[in-house]
Amino acid sequence: MSDPKIQLKNFSQSELEDWVKSRGHKAFRGRQLFQWIWQKGIMEFSEMTNLSKELIQKLEQECSLELSSVSQIQTSESQGTSKFLIRLNDGKFVETVLIPEMNRVTVCLSSQIGCALDCDFCATGKMGLKRNLTSGEIADQLLHVRRFSPRPISNIVYMGMGEPFQNYDQVIRSANILHSDLGFSHGARKITISTSGLVPKIMQFAEEGHRYKLAVSLNASEDNSRSQIMPVNKKWDLDKLIKACQHYTRTSSNMLTFEYVLLEGVNDSVEDARRLMKLAGRVFCKLNVIPYNEVTAGYARPSKNRISTFLEALNRAKFPVTVRWSQGDDIDAACGQLSTAAQQEE
Ligand code: SF4
């Protein structure tokens, strides 16, 4: 049975202020409460020492801070990447990944349980969509990981389970908690939201002027092969997608990141690289090439030679190109490998 108490972690800072005021207290108590929850990560109202006894009593009677708990942590011995299996109040599970690297520590957040977009190479897509996460459930993932990480977290990416822009409002609300001075205080440029190409949402993101970084999963350079591996392309083809990306970079003056998962025999030829150079060249961007981690039958990572040849063909690109070897593939924590299909409690 679901908890009948008010889940305060799903409130924005201003909603907390309103709630506190509605109970007869000053608005700044709401700010203090927000700070205790997210900045200090305190779970017990009784430990919020600058709140009055009367307010603490009301909070204990009416509210809850329990949204999720860590059920399992797996750490890759070879790469140091950790995968967190997080249990939500309704018995469903999501996964979150902590990726410590030399110069940065990245957390990869999930935005949905499963995903409806059904990209052919992706384990999450094979689950179908179970439900959207709330803003509190998304930000709670970072609280859990922050407690565990020996080093401070520097970068946050919305590239875990789900299509963030299919849960647009909750994702933006959660990013605001991550960014807020009284929340996690992460710079907007250290928070990246990724999409598989939901054109209307890219336009909305541009219009609303968010400072968070945007990444778009391209994964092909022509419509036929993109539609085959990413059904979303049938609705918004490459021309529409590129135009939306151009609109975003012009409106925001921000560079956009294209992600390109390299799949053997699908999108890894020299011809693909040349077309990609032309296509991505229409946008103020950088390109991340991600050699595929094998998760679904029918797709494979290209050989080292083929990857090198592909990258050489991109040599003359006018935009920066980087290769990201996904971390954590030995614990199924790498890009496209997250799935909690086996754990869901109905
Ligand atoms: S790649 Fe992303 S958008 Fe596509 S099915 Fe997987 S989680 Fe969804």
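Counting begins at 1 with the first residue of the sequence. Remember, it's 1-based here, ligands and their atoms both numbered in the order they're listed.
Counting non-hydrogen atoms of neighbouring residues, nucleotides and ligands closer than 6.0 angstrom, the CD atom of Gln61 exceeds 12 such neighbours.
Taking the ring centre of Trp19 as origin, the terminal cationic atom of Lys58 falls outside the region bounded by 6.0 Å and 45° from the ring axis. Geometrically, Lys40 engages Trp36 in a cation-pi contact defined by less than 6.0 Å to the ring centre and at most 45° from the axis.
Taking only non-hydrogen atoms, the option from Ala123, Gly162, Gly128 nearest to atom 2 (Fe) of ligand 1 is Gly162.
Near Cys122, with a cut-off below 4.0 Å to any heavy atom, the atoms of ligand 1 are 1 (S), 5 (S), 6 (Fe), 7 (S). Of all atoms in ligand 1, numbered sequentially from 1 with element shown, those under 4.0 Å from a heavy atom of Gly125 are 5 (S). Of all atoms in ligand 1, listed by their number and element, those nearer than 4.0 Å to a heavy atom of Asp118 are 5 (S).
Checking Gln204 against Lys201 by side-chain atom types alone, a donor-acceptor pair falls below 3.5 Å.
Taking backbone and side-chain atoms together, Cys115 has an N/O/S atom less than 2.8 Å away from atom 8 (Fe) of ligand 1.
Nearest heavy-atom pair, Gln228 versus Asp120, reported as atom, atom and distance to 0.1 Å: O-CB, 4.1 Å.
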